Structures are given as structure tokens and as C-alpha cells.
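First the structure, in the form of C-alpha cells, and then the observations on it.
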Amino acid sequence: MSTTGATADPLATLGSLPGVAESVETVRKAVDRVYGHRIMRRRSNAVTSEAALRGARGSAALSGADWALEEVRRRTDFSADAEARVVGGALRLTAEAGQLLSIWRQSPLRVLARLHLVAAASEGPETGRPRQAGEAVDEPLVELPLPDAPEVSGRLEGLADLIIAGSAAPALVTAAVVHGELLALRPFTSHNGLIARAAERIVLIGSGLDPKAVCPAEVGHGELGRAAYLAALEGYVSGTPEGVAAWIAHCGRAVELGARESTAVCEALQRGAA
């Protein structure tokens, strides 16, 4: 889907797609339920910390490292093998996302470059910048056609312009478009899935929909499964109104499931069991 167009606020027009308004309202109610829980008045920091851990686990699972939550909680060394490095990258990105909120609206491309540096945890020449012509992309779980470097550059600039300009679109719509566009483009040589989900997280938090980061969409994406995730992404990439609406609805369902997860955490904290 191209994010450029003739309308002044192309993101806002997506809110009128069939079913999108319903998804937005359902997500809002799910988020409100978490924020209304009595535990959030006293122990919101504990809920935020647990949501971050579970969100990182869910994102890593979609990138091929499907570890049990307790294993993620227990481990301290995330450099032993490829799966461990994926989990480590997801954890670092989740921690970093909250530090980049103030920069996102002014310089989203700078934030994306930083996210790649954090995820890769290396200093190679390809780290922290969009890929160049001829550079391969290590993203085996997304098998859609790969845009070339000039298209990536143009579409990233278009996406950045939309974010900087601001939009009347609901947070869910903006987050879904940012997520989908980054997965479609795979602008970096590695870790694009982790980065796309971290960027979605930044939008949901920075928009005010989930300011305490207690509704991790990554949990929902993981729970819905890789097959459904990729099928919904194909709809987004198709650019059809039905496909884009289905992707937004899928992202909305992921946020709902993340909210449900944190509601369960609240209940456990209330019982003194967590």
C-alpha cells in the first residue's frame, strides 16, 4: 500500500473502510477495561513491566524464537545462538521504545535507524540505515516480494512525512499502517519484523491510546499465530480496501488480546499470585 496520495490526511480516510470503526471502538473498550482495573491505580508499574516482557516474547515468537515466558524471564545470556539473539533483540527494542517517544513525531526515520541499531547490536556498515541496492535481507518468515532500494527510500520518506504532519486517524489505524508498511518494505538488512512491531508499540503509546504500555499488541500477534499474521499482511500489501481493512482489524484484535493478557496480570496481582 502506498502511503502517499492526493488527500490531505490519507490515514484518516482509512477510518472509513468497512469494519474499521468497529475495530477502533472495540479496541478502545478493551484498553479502557485494563486502565479501569483497581490494580492500575496502585501497581501500574508492575503491570507495565510484565507487559513489556510478554510483548517481547510475543514479538520474538513471530520472528522464529518461540520461547516459553519463563525461559525469557530466566535467561540472562542472549548471545548463545540465533534464537537467543532474536529474543535479546526483542527485549532491547521493547525497553528502547519508551525512550524514543519524543523523537518519533519529529524524526521517525531517526527512530527507525536507532531501532535497527538496538536490534542488531552490531556495528556493521549496514546497521542503522536503510538497505542499499544489492544488499540482501534476512527476513525468512516474510516471503512477499521485496521492494527495491529506491522504492524503499521513497515510501519511507512518505511514511515519515505522514507521521510528522500528524493525522486525525485513530491510533489503531496509524499503528497498523506503520507496522504494515515496515513489514512490506523490510527496509533494513535484518530484524525488520521486530522493528515493525516496536514501531507499532511506539505509535500506540505515543498516541495516548496506551500511555502506560500495558496493552502489548505483540502478545496478540503472537497468540493469533504466524499464519494469520502473514495472511493479514498479504491483504495490506494488496492495497485493496478489503485487504487493508482486514490488516487493521487484525492489528486491532492483537491489541485486544494484549489488553486481555494484562487484565489477567492485574487479576493475578490482586490475588497476590504474581
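Not measured: the values here are computed from a predicted model. The residues of the chain are indexed from 1 along the displayed sequence.
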(request) Output, in order, the C-alpha distance, side-chain angles, deciding distance and verdict of side chain to side chain contact (heavy atoms under 4.5 Å, CB included) for Leu204 and Val31. (result) CA-CA 11 Å; Leu204 292 172; Val31 173; over 6 Å; no
Show the nearest heavy-atom pair for residues [X] and [Y], with the distance to one decimal.
{"X": "Val219", "Y": "Gly55", "answer": "CG2-N, 3.7 Å"}
{"X": "Leu62", "Y": "Gly225", "answer": "CD2-C, 4.3 Å"}
{"X": "Val47", "Y": "Cys266", "answer": "CG2-SG, 3.9 Å"}
{"X": "Ala199", "Y": "Trp104", "answer": "CB-CH2, 4.3 Å"}
{"X": "Leu162", "Y": "Pro10", "answer": "CD2-CG, 3.4 Å"}
{"X": "Ala84", "Y": "Ala80", "answer": "CB-N, 4.0 Å"}

How about [X] and [Y]: does a side-chain donor come under 3.5 Å of a side-chain acceptor?
{"X": "His221", "Y": "Glu200", "result": "yes"}
{"X": "Ser167", "Y": "Asp9", "result": "yes"}
{"X": "Arg197", "Y": "Tyr229", "result": "yes"}
{"X": "Glu126", "Y": "His116", "result": "no"}
{"X": "Arg131", "Y": "Thr189", "result": "no"}

(request) Run the numbers on His250 and Tyr236 for side chain to side chain contact (heavy atoms under 4.5 Å, CB included), then give the verdict. (result) CA-CA 10 Å; His250 185 86; Tyr236 175 84; over 6 Å; no
Using side-chain heavy atoms (C-beta onward) and a distance below 4.5 Å, is [X] in contact with [Y]?
{"X": "Asp66", "Y": "Glu83", "value": "no"}
{"X": "Thr174", "Y": "Ser207", "value": "no"}
{"X": "Val20", "Y": "Leu17", "value": "yes"}
{"X": "Tyr35", "Y": "Ser44", "value": "no"}
{"X": "Arg110", "Y": "Arg114", "value": "no"}
{"X": "Leu91", "Y": "Leu53", "value": "yes"}
{"X": "Arg105", "Y": "Ile163", "value": "yes"}
{"X": "Trp67", "Y": "Val86", "value": "no"}

[X], [Y]: one ILVMFWY side-chain cluster at the under-4.5 Å cut-off?
{"X": "Val118", "Y": "Leu109", "result": "yes"}
{"X": "Leu159", "Y": "Leu100", "result": "yes"}
{"X": "Leu115", "Y": "Phe78", "result": "no"}
{"X": "Leu117", "Y": "Ile195", "result": "no"}
{"X": "Val137", "Y": "Val152", "result": "no"}

Going by an N to O cut-off under 4.0 Å, is there a salt bridge joining [X] and [Y]?
{"X": "Glu256", "Y": "Arg253", "result": "yes"}
{"X": "Arg92", "Y": "Glu96", "result": "no"}
{"X": "Arg201", "Y": "Asp210", "result": "no"}
{"X": "Asp32", "Y": "Arg28", "result": "yes"}

Flag, side chain of [X] to backbone of [Y], donor-acceptor distance under 3.5 Å:
{"X": "Ser16", "Y": "Thr13", "answer": "yes"}
{"X": "Ser153", "Y": "Ala149", "answer": "no"}
{"X": "Arg54", "Y": "Glu261", "answer": "no"}
{"X": "Ser63", "Y": "Ala60", "answer": "no"}
{"X": "Ser107", "Y": "Ile103", "answer": "no"}
{"X": "Arg129", "Y": "Pro125", "answer": "yes"}
{"X": "Ser49", "Y": "Asn45", "answer": "yes"}
{"X": "Arg186", "Y": "Leu144", "answer": "yes"}
{"X": "Trp247", "Y": "Ala176", "answer": "yes"}

If you round to the nearest 0.5 Å, how far is [atom2] of [Y] from [atom1] of [X]?
{"X": "Leu172", "Y": "Ser23", "atom1": "CG", "atom2": "OG", "value": "6.5 Å"}
{"X": "Glu218", "Y": "Glu223", "atom1": "CD", "atom2": "CD", "value": "13.5 Å"}
{"X": "Arg85", "Y": "Ser190", "atom1": "CZ", "atom2": "OG", "value": "11.0 Å"}
{"X": "Gln270", "Y": "Glu267", "atom1": "CD", "atom2": "CD", "value": "5.5 Å"}
{"X": "Arg41", "Y": "Ile39", "atom1": "CZ", "atom2": "CD1", "value": "9.0 Å"}
{"X": "Asp138", "Y": "Phe188", "atom1": "CG", "atom2": "CZ", "value": "14.5 Å"}

(message) Determine whether Leu182 and Asn192 satisfy the following criterion, side chain to side chain contact (heavy atoms under 4.5 Å, CB included), listing intermediate values before the conclusion.
(response) CA-CA 7 Å; Leu182 291 174; Asn192 290 288; over 6 Å; no
(message) Running the 4.5 Å side-chain criterion over Ile, Leu, Val, Met, Phe, Trp and Tyr, what cluster does Leu224 land in, apart from itself?
(response)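 Other cluster members: Leu257.
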(message) Name the residue from Leu269, Thr48, Val265 that meets the side chain to side chain contact (heavy atoms under 4.5 Å, CB included) definition with Arg43.
(response)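 By the side chain to side chain contact (heavy atoms under 4.5 Å, CB included) criterion, Arg43 pairs with just one of Leu269, Thr48, Val265: Leu269.
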(message) With a sphere of 6.0 Å drawn around CZ of Arg73, does it hold more than 12 non-hydrogen atoms of other residues, nucleotides or ligands?
(response)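 Result for CZ/Arg73: enclosed.
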